[in-house]
Amino acid sequence: MKIKKAAAIPLILQDPFFSIWSDADHLYDKDPVHWCGERQRLQGYIKVDDAVYCFLGERGIHEAIPQQWVDVTATATEYMFENEKVKLSVRFTSPLLPDSIELLSRPCAYVDFQVEKKTECRAEVCFTVSSDLVSRRRERMAGGSYCRPGKKEVPPYKYAVMGRAVQQPLSGSGDRVTADWGYAYLASAQEDARLAFSLEAGELSCCLPVPEAGGHTGLVLAWDDLVSINYFGEWKKGAWTRSYGTILDAVGAALSDREEVFKRAQKLDREIFDKAFSLGGEAYAYICCFSYRHAVAAHKLILDEEGNVIFLSKENDSNGCIGTVDVSYPSVPLFLLYNPELVKGMLRPIFRFASCDVWEYDFAPHDVGRYPYAWGQVYALIEGKKGMGYEPWKDDVCPPLYSYPAGCGIYDPVYQMPVEECGNMLIMTEAVCMAEGSGDFAGPWMGILEKWVKYLIQFGSDPGEQLCTDDFAGHLAHNTNLSLKAIMGIEAYARLLGRLGREAEAEEYHERARDMSADWCKRADAGDHYMLAFGSPETWSLKYNMVWDKIFGSGLFGEEVYEKELAWYEKKTGVYGVPLDSRASYTKSDWILWCAAMTQDRERQRRLIQPVADYLENSPTRVPFSDWYDSETGKYCHFIARSVQGGIFMPLLEQALRR
């Protein structure tokens with residue numbers, strides 16, 4: 001959909017390291033950036049006869065060809081430029097198709113150009129990629145340009161490649177970091193394309209002559225990271241390597257199947273736009289289009305030793321954790337809609353880690369490491385730090401991850417989220433089984449799940465002073481929303497038991513959830529709303545965890561409960577949305593959309609959704625769609641380009657399951 005503006009506009013989104021954005025109103029106002037704000041310089045020019053016009057990146061001495069509009073869909077971003085001589089369309093496509101493991105993980109993005117000549121002229125499009133993509137230290141590059149002969153179903157193509165002379169894959173771990181390894185590729189199957197690597201400039205370039213009558217030309221930009229993830233001591237490549245022997249095979253496939261991929265991507269774009277527009281109007285379509293690539297590309301897709309999908313998120317702009325349970329939890333609506341196997345890929349690492357001897361607790365772990373190392377948490381006790389206000393998510397002195405792989409180390413419970421993560425794991429496991437209509441996935445893990453549900457029964461009715469997923473607000477005792485999560489976690493376990501034919505036990509746990517929900521309604525009631533914390537009637541909060549009662553069709557909470565809460569949210573709505581709770585004016589976009597899914601009143605839904613779209617369009621903070629921002633000023637608080645924006649799709653999930 002054509003947009004006026006947005007906080008940041010996605011260009012090339014593939015994974016947490018291969019993630020390039022424009023944070024400017026015009027594509028030529030400044031160089032693109034990685035999601036964390038580091039420069040990822042791309043430059044684009046169109047030569048018309050003897051004149052050179054810039055359309056991408058800082059234009060320097062060159063005149064810009066005026067930008068007319070920008071269109072953002074789920075899988076692509078298109079810019080239109082025009083002057084008195086030519087019209088130029090530039091389209092960036094990341095074909096992150098959820099039903100194809102190969103395409104979802106293939107690290108190849110398309111950049112396409114459509115040129116309409118308004119006068120008789122010669123035209124050529126030039127595109128360059130700097131070493132920013134593969135080196136943080138601006139070191140001298142190695143590379144070259146080559147021709148690759150064609151073979152069956154793959155045309156011959158030209159390519160240029162660059163990377164550091166000495167490669168150290170996965171040599172950086174943490175939060176706001178870019179890759180310092182791997183090889184960048186530019187490739188084109190156009191016969192008269194000119195591709196080159198410049199050692200002096202440290203960049204790749206591709207020049208594409210435009211046909212005399214005008215028309216299409218394009219290229220593929222790829223990044224081969226060599227190794228993607230250390231998964232419990234195993235060095236894992238991206239899942240795409242199951243289908244392609246080398247990155248050159250993947251690039252060749254991207255060039256040869258371009259038209260088919262575009263048709264599939266455009267079909268997905270139309271489906272997402274039409275369904276979102278039908279449910280929530282233009283505002284909802286707008287934020288869904290911005291959320292799709294954003295949420296998918298905050299993950300890395302690998303396969304484990306048995307060939308199972310492993311879908312690992314990075315906790316961007318927070319602490320860099322990998323496979324964080326309470327980051328997966330808000331993201332799952334998108335993936336339940338389009339491929340539940342990806343939700344399984346989020347759950348498998350947690351089940352595996354919780355099965356390690358090192359995990360001694362009766363509750364679920366928070367995460368499995370720090371990206372790109374999935375082999376043990378960074379919350380291990382550090383001598384001299386415990387009890388001194390040490391906050392791993394803010395403190396850069398965390399020891400390197402290789403200090404404590406899974407199987408050693410002591411994990412400090414103060415940084416865990418016991419009720420939160422137990423509830424999340426139970427709910428997500430049942431959600432997957434519900435989507436597939438089978439309890440088979442849960443079967444092998446029922447012993448662990450039983451341990452976690454018992455924890456919820458013991459501690460979930462009135463949680464003690466614990467962190468919840470909104471950990472930035474600090475520890476809180478008597479959290480009513482956390483209690484809701486426990487109730488829904490217990491109900492999820494009851495449903496899993498029923499799927500596995502254990503009907504008597506299922507009824508027992510369902511009745512436990514029902515009793516707890518009735519008790520919750522009495523103790524949390526503050527008259528015209530429900531409390532943030534039991535015993536504190538002056539407080540309130542978004543009760544987003546309650547949405548699973550709707551999704552599961554459990555009937556634990558009456559319609560009067562939802563009506564009371566939703567009416568309260570409308571009273572408290574700020575310029576850019578309902579605050580998270582009564583403690584501050586900040587909010588979370590994902591949770592607002594979860595709450596919007598708790599009503600079938602379309603006008604009420606739209607009143608909750610519209611301010612989130614207004615935030616994305618008008619935020620003064622030019623970062624990729626932040627999920628944590630101030631509801632009055634629109635300034636981002638923290639969290640950038642996180643997978644949690646998959647939660648934007650919760651109203652669509654509720655609608656799909658209700659049908």
Side-chain angles (χ1 to χ4, degrees), residues 8-23 31-42 75-77 92-97 101-111 127-136 141 159-164 167 169-187 203-204 219-229 236-241 244 247-248 250-251 253-254 261 265 292-302 311-317 320 322 371-372 624 640-643:
I9 295 175
L11 301 181
I12 294 169
L13 275 65
Q14 299 291 140
D15 64 41
F17 282 127
F18 194 15
S19 179
I20 306 174
W21 300 73
S22 172
D23 58 359
D31 289 330
V33 295
H34 182 259
W35 66 257
C36 73
E38 291 292 322
R39 189 187 75 169
Q40 300 268 266
R41 190 178 190 188
L42 306 176
T75 67
T77 298
F92 301 89
T93 303
S94 296
L96 301 173
L97 302 182
I101 298 304
E102 282 69 33
L103 284 177
L104 201 64
S105 65
R106 190 170 75 184
C108 302
Y110 297 96
V111 187
F127 185 88
T128 67
V129 178
S130 81
S131 61
D132 296 342
L133 194 61
V134 291
S135 177
R136 291 200 300 268
M141 295 288 101
Y159 70 94
V161 57
M162 69 176 171
R164 292 179 57 191
Q167 290 286 329
L170 310 192
S171 58
S173 170
D175 185 15
R176 299 175 66 106
V177 296
T178 57
D180 204 23
W181 61 86
Y183 292 94
Y185 290 79
L186 279 182
E203 66 183 21
L204 303 177
L219 54 86
V220 165
L221 171 59
W223 178 57
D224 182 8
D225 59 4
L226 304 178
V227 178
S228 297
I229 298 289
K236 295 292 185 182
K237 296 185 177 183
W240 62 271
T241 58
Y244 308 107
I247 187 64
L248 293 177
V251 169
V261 168
Y292 180 82
R293 267 177 292 167
H294 173 128
V296 177
H299 295 85
K300 192 67 177 183
L301 181 58
I302 63 170
F311 199 46
L312 290 157
S313 64
K314 180 176 183 184
E315 196 167 345
N316 294 341
D317 195 42
I322 189 170
Y371 198 94
I640 304 172
R642 297 205 307 164
S643 65

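- Under the 3.5 Å distance criterion, the side-chain polar atoms of S643 are left unmatched by any main-chain donor or acceptor of A295.
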Would you check, one step at a time, whether the test side-chain contact (heavy atoms from CB on, under 4.5 Å) holds for V296 with L104? CA-CA 8 Å; V296 177; L104 201 64; 3.6 Å; yes
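- At least one side-chain heavy atom of Y110 sits under 4.5 Å from a side-chain heavy atom of V220.
- Annotation: side chain of P95 is not in contact with side chain of T75 (no heavy-atom distance under 4.5 Å).
- Closest approach of K237 to S228, counting heavy atoms only: C-OG, 3.7 Å.
- Under the salt bridge (charged side-chain N to carboxylate O under 4.0 Å, His left out) criterion, D224 pairs with no residue at all, not counting sequence neighbours.
- The ring pair (Phe, Tyr, Trp, His ring centres under 6.0 Å) test applied to F127 returns no partner, not counting sequence neighbours.
- Using cut-offs of 30° and 60° on the angle between ring planes, the pair W223 and W181 is tilted.
- For the atom pair L204 CG and L42 CG, the distance stands at 10.5 Å (nearest 0.5 Å).
- With sequence neighbours excluded, no residue forms a salt bridge (charged side-chain N to carboxylate O under 4.0 Å, His left out) with R293.
- Taking each heavy atom of S94 and L11 in turn, the nearest pair found is OG-O, 4.3 Å.
- Residues passing the ring pair (Phe, Tyr, Trp, His ring centres under 6.0 Å) test with H299, sequence neighbours excluded: F311, F335.
- Applying the side-chain contact (heavy atoms from CB on, under 4.5 Å) rule to K236 yields the partners Y231, E234, I302, E305; only residues at least two apart in sequence or on another chain are considered.
- Of all heavy-atom pairs spanning D175 and D317, the tightest one is OD1-N, 2.6 Å.
- Between Y159 and L248, the shortest heavy-atom distance links the atoms OH-CD1, 3.6 Å.
- In this structure, L301 and I101 have side chains that are in contact, with non-hydrogen atoms separated by less than 4.5 Å.
- In plain terms, the two heavy atoms of C108 and A254 that are nearest each other are CB-CB, 4.0 Å.
- Partners of D31 by side-chain contact (heavy atoms from CB on, under 4.5 Å), not counting sequence neighbours, listed by chain and number: R39, R41, E58.
- The two atoms that bring A8 and P624 nearest to each other are CB-N, 3.5 Å, heavy atoms only.
- Note that the CG atom of L312 and the CD1 atom of I322 stand 4.5 Å from one another [nearest 0.5 Å].
- H34 contributes a side-chain N or O that, together with a main-chain N or O of P16, makes up a donor-acceptor pair within less than 3.5 Å.
- Distance CD/Q40 to CH2/W35: 11.5 Å, rounded to 0.5 Å.
- D180 contributes atom CG, which lies 9.5 Å from atom CZ of F17 (distance to the nearest 0.5 angstrom).
- Expressed to the nearest 0.5 Å, how far SG of C36 lies from CD1 of I640 amounts to 8.0 Å.
- Using a 4.5 Å heavy-atom cutoff, the side chains of I229 and Y371 are in contact.
- Of the possible donor and acceptor atoms, one in the side chain of T77 sits under 3.5 Å from a partner among the backbone N and O of P10.
- For K300, the salt bridge (charged side-chain N to carboxylate O under 4.0 Å, His left out) test picks out D15, D225, with sequence neighbours left out.
- The side-chain contact (heavy atoms from CB on, under 4.5 Å) test applied to P107 returns W240, I247, not counting sequence neighbours.
- Every residue two or more places apart in sequence or in another chain that forms a side-chain contact (heavy atoms from CB on, under 4.5 Å) with A297 is listed here: L13, L96.
- With sequence neighbours left out, the ring pair (Phe, Tyr, Trp, His ring centres under 6.0 Å) criterion links F92 to no other residue.
- Under the rule for a ring pair (Phe, Tyr, Trp, His ring centres under 6.0 Å), Y244 has no partner lying at least two apart in sequence or in another chain.
- For S131, the side-chain hydrogen bond (donor to acceptor under 3.5 Å, both in side chains) criterion is met by no residue, not counting sequence neighbours.
- Distance check, rounded to the nearest 0.5 Å: NE2 of H294 to CZ of R642 gives 8.5 Å.
- Results of the side-chain contact (heavy atoms from CB on, under 4.5 Å) test with Y183 over V134, L133, L226 single out L226 as the only residue that passes.
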